[in-house]
Amino acid sequence: MTLKCGSYQLIKKSSECKARLGQIYTTRGIIDTPVFMPVGTQGTVKGVASEFLHETGAQIILANSYHLYLRPGVEIIKKAGGIQKFNAWNKPILTDSGGFQVFSLSNMRKINEEGIEFRSHIDGSRHFFSPEKSMQVQKDIGADIVMCLDDCTQYPATYEYAKKSMELSLQWAKRCKKEFYEGNAYQTQALFGIIQGSVYNDLRTKSAQEMLNIDFTGYAVGGLSVGEPKESLHAVLENTLPIIAENKGRYLMGVGMPEDLWQCVEHGVDMFDCVIPTRNGRNGQVFTSLGKINIRNAEFKDDFSSLDPSCNCPVCAEYSKAYLNHLVRSKETLYLSLLSLHNIYFMINLMSGIRNSLKDDIFLKTKTEFFKKYYSKN
RNA sequence: GGGGGUGUGGCAGAGUGGUCUAAUGCACCAGACUGUAAAUCUGGCGGGCUUGCCCUUCGGUGGUUCAAAUCCAUCCGCCCCCA
């Protein structure tokens, strides 16, 4: 049997909760899930060279079509032979559609039914992203998994606003699918739909059902981690994920912190992405099995132990907290790479631990142990 | 020896009678960051508590004034120029 790019294979369900072990097939390799995908907006995971990224065990990374479209431009990437040739990352890549920029560049864009008009954050020039345009850009970039152009609803949003926004994403999703499969030329790439609806359960339900009707290879839950309370996030997942067919990959966009990964896997999420490991790394915050620390803090000036006693990453193997503290204080650029690398390794390793616990069907016990240790210093 | 200048919080540096516990930057102490316009941003940075006030602070001392970082005297330190 030939597996379609982006298709999900369920391997084992937890007997204790909705967590599940599986695999997502892509043309460039099989992804073991649950998986954490480091974010490389501009085609590079900030501060981490591909060879080090491989060492972390990363299976797939993100890139952003809006950013790559603006610079270097799609033509350059096509000329390079696709994004994987261009950025020397030969494993799967998922591209975001530009939908998140609707949210994050909210004061530099206008939305209408046709699409989104952006003012470039680089030079102020005007650009138009329609669902069709987003599909063309992502196909040209050469992503293995392509995301539908959506309207990432801001939080808070009134019910009426969230409804309109969700319905717009739905209309766009239909156009994305049509455009994506146009000419049947892109069977090596997968298209995922994105469920919206803010914190309103009936809107989420509607969005999920309609997305399933359109029929995508995988489904993402978007519009979360945009400022809503944690309870809302969990309520949405609890409500929405069961609607998605069991044989489809479920991707929670933009999440998250280590504690979020455990909790959301428990709800049945298969894929995550988040800028946290790299951004926080660049800001001195380090994730460890004993909780997060800010390596800039004075207490680490003469702490010659590694960042995390139970970490096997290249940074923990070689460098002390005291030295990393010194690098951060001195603004030596090396710390950007080292802390990002460690944090990514931490996330990837955490997911690997989650998968192992699912294999042995001891997810909840392992989760409890993780939290006990992670919060032991507070 | 003669002339000129200068001394402000950890550092640099504003302020030249009241609105000054004293701008700003750095340093320092913390916090935040969730499909990346982020190597960024925010807060704190003399002491005390009843959180509104009180005490202490602009080289030292003394003075003028209702009021002094700011004016005067004097002492001390530093810098420059001429001999």
Side-chain angles (χ1 to χ4, degrees), chain A residues 36-48 60-68 70-71 93-109 118-124 134 138 143 145-155 169 192-196 218-230 233 251-261 263-264 269 271-287 292-301 325 327-340 343 347:
Chain A
F36 180 83
M37 310 183 281
V39 177
T41 302
Q42 315 239 33
T44 169
V45 175
K46 292 186 196 297
V48 185
I60 171 172
I61 63 172
L62 253 70
N64 187 284
S65 48
Y66 166 78
H67 288 276
L68 292 176
L70 285 183
R71 187 170 57 194
I93 285 188
L94 180 152
T95 44
D96 191 22
S97 58
F100 184 72
Q101 279 61 45
V102 174
F103 168 82
S104 67
L105 301 173
S106 58
N107 53 343
M108 302 179 79
R109 53 75 176 152
F118 287 107
R119 296 295 294 268
S120 161
H121 65 281
I122 300 167
D123 62 7
S134 178
Q138 293 186 76
I145 300 176
V146 165
M147 300 304 297
C148 280
L149 184 68
D150 65 331
D151 176 22
C152 182
T153 312
Q154 55 185 256
Y155 180 87
S169 291
F192 278 29
I194 305 175
I195 297 161
Q196 291 288 344
Y219 297 92
V221 180
L224 290 173
S225 267
V226 289
E228 80 286 350
K230 271 287 144 62
L233 169 87
Y251 165 26
L252 176 56
M253 306 185 81
V255 173
M257 301 287 279
E259 58 270 33
D260 298 327
L261 300 180
Q263 288 160 353
C264 297
V269 173
M271 305 163 72
F272 299 88
D273 79 278
C274 196
V275 305
I276 275 287
T278 43
R279 180 185 291 169
N280 287 26
R282 292 195 305 281
N283 294 332
Q285 192 165 84
V286 175
F287 296 101
K292 57 183 190 186
I293 60 174
N294 196 319
I295 196 62
R296 190 205 316 129
N297 288 4
E299 60 175 308
F300 302 116
K301 270 184 180 173
N325 174 280
L327 292 181
V328 172
R329 284 170 185 266
S330 309
K331 298 183 167 65
E332 279 294 337
T333 57
L334 180 59
Y335 83 86
L336 301 167
S337 296
L338 295 180
L339 298 184
S340 297
N343 279 348
M347 297 291 179

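Note: hydrogens, waters and symmetry copies are ignored here, and every other heavy atom, side chains too, is used. Since the structure is predicted, the reported quantities are computational estimates derived from the model, not experimental observations. Chain A is the first sequence line, chain B the second, and so forth, proteins listed ahead of strands; every chain is numbered from 1.
- Rounded to an integer number of Å, the gap from A:Glu228 CD to B:U34 P is 11 Å.
- The shortest distance between the side-chain N/O atoms of A:Lys292 and the OP1/OP2 oxygens of B:U34 is not below 4.0 Å.
- With distances taken from any side-chain atom of A:Tyr251 to the nucleotides B:U36, B:C33, B:G35, the minimum falls on B:G35.
- Side-chain proximity of A:Arg279 to the nucleotides B:A38, B:C28, B:G35 is greatest for B:A38.
- The distance between atom CG of A:Leu149 and atom P of B:G35, rounded to the nearest whole Å, is 18 Å.
- Contact annotation for A:Lys301: backbone-only contact, meaning every heavy-atom pair under 4.0 Å involves sugar-phosphate atoms and none involves a base.
- Residue A:Phe100 is the one, among A:Thr333 and A:Phe100, whose nearest nucleotide of RNA chain B lies closer to the 5' end (criterion: closest heavy atom).
- When distances are taken from the side chain of A:His67 to each of B:U36, B:G31, B:U34, the shortest belongs to B:U36.
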What's the verdict on side-chain contact (heavy atoms from CB on, under 4.5 Å) for A:Met271 and A:Met37, showing C-alpha distance, side-chain angles and the deciding distance? CA-CA 7 Å; A:Met271 305 163 72; A:Met37 310 183 281; 3.8 Å; yes
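- In this model, the phosphate group of B:U34 is not approached by any side-chain N or O of A:Ser225 to a distance below 4.0 Å at OP1 or OP2.
- A:Ser169 has its side chain within reach of A:Asp151: a pair of non-hydrogen atoms, C-beta onward, lies under 4.5 Å apart.
- Distances shorter than 4.0 Å separate none of the side-chain N or O atoms of A:Asn64 from OP1 or OP2 on B:G35.
- Note that CE of A:Met253 and OG of A:Ser97 are 6.5 Å apart. Values are rounded to the nearest 0.5 Å.
- Between A:Asn294 and B:A32 there is no side-chain N or O to OP1 or OP2 distance below 4.0 Å.
- Straight-line distance from the CZ atom of A:Arg282 to the C1' atom of B:A32: 15 Å, rounded to whole Å.
- Below the 3.5 angstrom threshold, one finds a donor paired with an acceptor across the side chain of A:Asp150 and the base of B:G35.
- Of the candidates B:A32, B:U36, B:U34, the closest approach to any side-chain atom of A:Met257 belongs to B:U34.
- In the set B:A32, B:A37, B:U36, B:U36 carries the atom at the smallest distance from any side-chain atom of A:Val39.
- Inspection of the A:Tyr251 and A:Asp273 side chains reveals an N or O donor paired with an N or O acceptor under 3.5 Å.
- At a cut-off of 3.5 angstrom, counting only N and O atoms as typed in the model, there is no donor on one side facing an acceptor on the other between the side-chain of A:Asp273 and the base of B:G35.
- One atom, CD of A:Gln101, and another, P of B:U34, lie 14 Å apart when rounded to the nearest Å.
- Between the side chain of A:Asn297 and the backbone N or O of A:Glu299, no donor-acceptor pair lies under 3.5 Å.
- Between A:Arg296 atom CZ and B:U40 atom P there is a gap of 10 Å when expressed in whole angstrom units.
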